[in-house]
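Reviewing the structure listed below.
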Amino acid sequence: MGQTLAEKIMSRLAGRSVSAGDFVEIQPDWTFSLDDGIGLIDRYLTANGVDRLAAPERIAVFYDHYAPADTPLHAHVQRVGRLLCERFGIERLYDVGEGISHQVAVESGLVRPGQMVTNTDSHTTTTGAVGAVGCGIGAAEMAYLWAHGRLWFRVPESVRISLNGRLAPGASAKDVVLSILKTVTARGAIYRSVEYHGDGIGQFSLPERMTLCNMGIEMGAKFATVPFDAVTAEHYRNLNAEVGDPPRPDPDARYVEEWSIDLATVEPMVSVPNRVDDVHAIGSLPEVRINQALLGTCTNGRFEDLAVAAGILKGRRIAPGVRMLVTPASKAVYKRALAAGIVETLVEAGCTVTTPGCGACAGIHQGVLAEDEVCISSSSRNFVGRMGNRTARIYLGSPATVAASALAGRITDPRSIPEAVP
Amino acid sequence: MRADGVATVVGDDVDTDVIFPARYLAVLDPQDQAKHLFEPLGPEINAKIRAGGVLVGGWNLGCGSSREHAVTALIGAGARLVIAKSFSRIFFRNAINNGLAVVIAPDLAAAIADGDQVEADLAAGTATVNGVEHAFPPLPPELLALVSRGGLWSPRAA
Ligand code: SF4
């Protein structure tokens with residue numbers, strides 16, 4: 001019997017052939033930690049008298065959720081984390097302004113195909129876009145990994161998603177993953193590893209694959225991955241990085257379910273409050289006036305996403321009374337968007353650009369909502385209170401939908417704007 | 001390992017933003033975290049969990065973020081047992097690794113109403129709800145052992 005990608009990668013780490021359902025104690029290739037969890041890690045290590053780490057070279061720390069710190073407490077835990085890195089010889093500290101962990105880990109080539117990433121963040125599924133697997137874990141277990149190097153995991157069952165055909169103009173990877181969520185719901189892939197396949201997968205660029213994998217967690221998945229192919233190979237060639245012969249799932253691997261999507265039928269989709277899987281074709285929504293538009297996050301804050309928005313907003317002004325926040329997912333994205341004139345276009349159109357990182361996504365800072373306000377966001381979650389106010393309402397859509405909506409002051413089908421349909 | 005208390009029942013797909021909002025993630029002590037437990041839903045659920053010690057959820061309890069505060073705030077509020085039809089993976093791991101007793105049991109979760117007296121024997125896979133006995137599949141032995149010793153970091157007598 002062949003193996004899924006999750007089984008292959010976890011077999012390598014276990015040093016024996018393992019399959020779905022097995023428990024393993026392994027050392028993941030990467031253990032990433034963020035400013036929102038670093039204080040807890042420090043607390044666990046200190047309380048347990050840990051004075052050396054098992055593998056500091058496998059650790060990276062990213063400051064993205066509180067970047068830059070907006071309260072004394074957030075500044076404090078960032079300081080605690082810096083001291084922790086110094087004390088334990090952790091060389092990879094991506095400090096304020098470098099960007100969101102998942103984005104930096106992929107765009108810099110830190111994560112390689114065939115690796116397993118753990119991170120104290122649920123959207124670690126994103127790193128699966130490069131033919132790797134990544135999952136979120138908690139702070140106690142991350143501290144344990146830092147100290148002991150190994151941790152228990154269960155090898156997950158896998159689901160195969162076939163993306164077939166070609167996307168229609170005006171539809172995007174975000175609309176694809178929202179369509180999947182509509183069908184399979186927020187619990188459709190709980191605990192499973194989602195593998196994207198199909199004759200249509202080759203048309204999705206690496207940034208688009210990151211969007212597909214990012215929202216795997218919104219289906220409940222442990223991992224979400226696009227197996228290594230020519231698109232992945234090109235990414236590492238551009239980085240001058242050697243990847244060898246990365247593992248791919250076997251053709252006779254066992255999947256507990258198979259889902260297929262006809263890409264030609266995917267339209268711009270919107271997830272409405274307060275459930276990620278309450279997804280509707282944009283044309284079927286009643287009029288929804290908005291107060292804020294957010295373009296950014298690990299879901300859709302990449303160069304290509306900013307470029308799509310700039311294409312729509314060029315030479316135009318966002319609607320009076322609407323604020324549009326643009327938060328590049330990383331410093332590299334920001335620099336590229338600056339060089340291409342995209343930042344200027346967005347600012348001319350009335351957008352506010354904030355520090356690369358998570359921005360307003362988690363309702364911590366840089367754009368929290370007031371009571372009863374409405375936001376259209378390119379992010380991945382619209383839970384009650386997510387953006388800082390329990391009566392505010394969050395709609396999720398593609399970067400094109402966010403830009404078109406900011407322009408009109410209400411949720412708007414990007415296909416109604418000629419520049420959005422290449 | 002046994003745990004008991006009075007049930008507080010919540011619905012399906014209860015997410016960690018609702019259980020513990022992100023703006024308090026820098027609060028590190030479980031007792032302090034407990035003050036913000038279920039804050040977006042108002043003060044009643046928090047008070048009920050403190051008084052009763054048992055949380056009962058529907059499908060996909062704890063979905064969303066990886067924040068373990070959602071579990072440690074429950075522990076800080078005195079929760080001893082969480083029962084659900086299903087759990088989101090990270091919440092489930094956080095509970096096990098912090099020594100909070102968790103039971104995955106769709107039928108049992110459906111049989112419990114708010115305010116019911118619940119007692120569970122995790123190793124035996126049995127629970128009584130208002131005196132009526134129910135069976136559920138126990139956790140794998142590796143995980144039961146981890147919960148009974150108090151999680152990854154805090155060995156304690158079972
Ligand atoms: S951008 Fe949002 S979803 Fe992504 S890691 Fe940051 S807070 Fe989480």
Side-chain angles (χ1 to χ4, degrees), chain A residues 23 35-37 39-40 42-44 47-48 65-66 71 73-74 76-77 119-124 135-144 147-148 151-154 156 185-187 190-191 217-218 220-222 274-277 358 361-365 368 381 383-386 388-390, chain B residues 12-30 33 38-42 58-72 75 85-100 104 140-143 145-146 150-155:
Chain A
F23 280 91
D35 45 5
D36 67 344
L40 284 174
D42 177 69
R43 194 178 148 97
Y44 284 113
N48 292 282
H65 282 64
Y66 303 160
T71 68
L73 195 52
H74 291 165
H76 168 71
V77 291
N119 182 336
T120 49
D121 192 89
S122 60
H123 286 100
T124 307
C135 63
I137 63 172
E141 43 187 356
M142 179 56 77
Y144 190 86
H148 301 288
L151 181 65
W152 68 275
F153 291 93
R154 184 179 172 279
T185 80
R187 0 179 162 136
I190 287 190
Y191 188 68
I217 182 65
E218 261 47 73
K222 174 175 190 164
N274 300 309
R275 293 187 56 102
V276 174
D277 58 5
C358 299
C361 178
I364 296 170
H365 66 168
V368 296
R381 288 188 178 146
F383 302 145
V384 173
R386 171 80 179 175
N389 199 302
R390 62 190 276 202
Chain B
D12 294 332
D13 302 300
V14 172
D15 63 80
T16 55
D17 276 279
V18 158
I19 302 175
F20 192 88
R23 63 187 169 282
Y24 305 121
L25 290 176
V27 178
L28 305 184
D29 184 78
Q33 291 168 357
F38 281 110
E39 192 174 281
L41 301 187
W59 299 104
N60 201 17
L61 180 62
C63 62
S65 148
S66 65
R67 64 195 70 161
E68 81 172 18
H69 311 60
V71 163
T72 49
I75 294 172
K85 294 179 182 170
S86 66
F87 288 87
S88 124
R89 169 190 164 265
I90 309 178
F91 183 94
F92 179 77
R93 283 188 71 94
N94 281 332
I96 302 282
N97 287 331
N98 281 289
L100 177 60
I104 310 174
E142 299 92 330
L143 302 192
L146 200 44
L152 284 169
W153 283 110
S154 46

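Below, chains carry the letters A, B, ... as their sequence lines are ordered, and counting in each starts from 1.
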Close side-chain approach of [X] to [Y], heavy-atom, < 4.5 Å:
X	Y	answer
Glu141(A)	Ile96(B)	no
Leu143(B)	Arg154(A)	no
Asp29(B)	Arg43(A)	yes

Check each atom of [X] against the heavy atoms of chain A and say whether the ones under 4.5 Å are side chain, backbone, both or neither.
X	value
Phe87(B)	backbone
Ile90(B)	side chain
Thr16(B)	neither

For [X], is it the side chain, the backbone, both, or neither that has a heavy atom closer than 4.5 Å to a heavy atom of chain B?
X	answer
Val77(A)	side chain
His148(A)	side chain
Arg381(A)	side chain
Ala147(A)	side chain
Phe23(A)	side chain
Ile190(A)	side chain

Quick check for you: among [options], which has the greatest number of heavy-atom pairs under 4.5 Å with chain B?
options	result
Ala47(A), Gly39(A), Gly385(A)	Gly39(A)
Ala140(A), Gly37(A), Ala186(A), Pro156(A)	Ala140(A)
Gly363(A), Gly220(A), Cys135(A)	Cys135(A)
Asp35(A), Ile217(A), Ile137(A)	Ile137(A)

Ring geometry between Trp153(B) and Tyr44(A) (parallel below 30°, tilted from 30 to 60°, perpendicular above 60°):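 Ring orientation, 0 to 90° scale: parallel.
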Ser66(B) side chain to Thr120(A) backbone, donor-acceptor under 3.5 Å: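 Checked: pair present.
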Test ring pair (Phe, Tyr, Trp, His ring centres under 6.0 Å) applied to Phe20(B) - qualifying residues, sequence neighbours left out: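 Residues passing ring pair (Phe, Tyr, Trp, His ring centres under 6.0 Å) with Phe20(B): His69(B).
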Residues forming a salt bridge (charged side-chain N to carboxylate O under 4.0 Å, His left out) with Arg275(A), sequence neighbours excluded: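 Asp277(A), Asp13(B).
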Nearest non-hydrogen partners of Arg390(A) and Leu41(B), listed with the distance: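 Where Arg390(A) meets Leu41(B) most closely, the heavy atoms are NH2-C, 3.9 Å.
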Largest heavy-atom contact set with chain A, pairs under 4.5 Å, which of Arg67(B), Arg93(B), Arg23(B): Arg93(B)
Pairing of Arg187(A) and Asp12(B) as salt bridge, 4.0 angstrom limit: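 Salt bridge flag = yes for Asp12(B) with Arg187(A).
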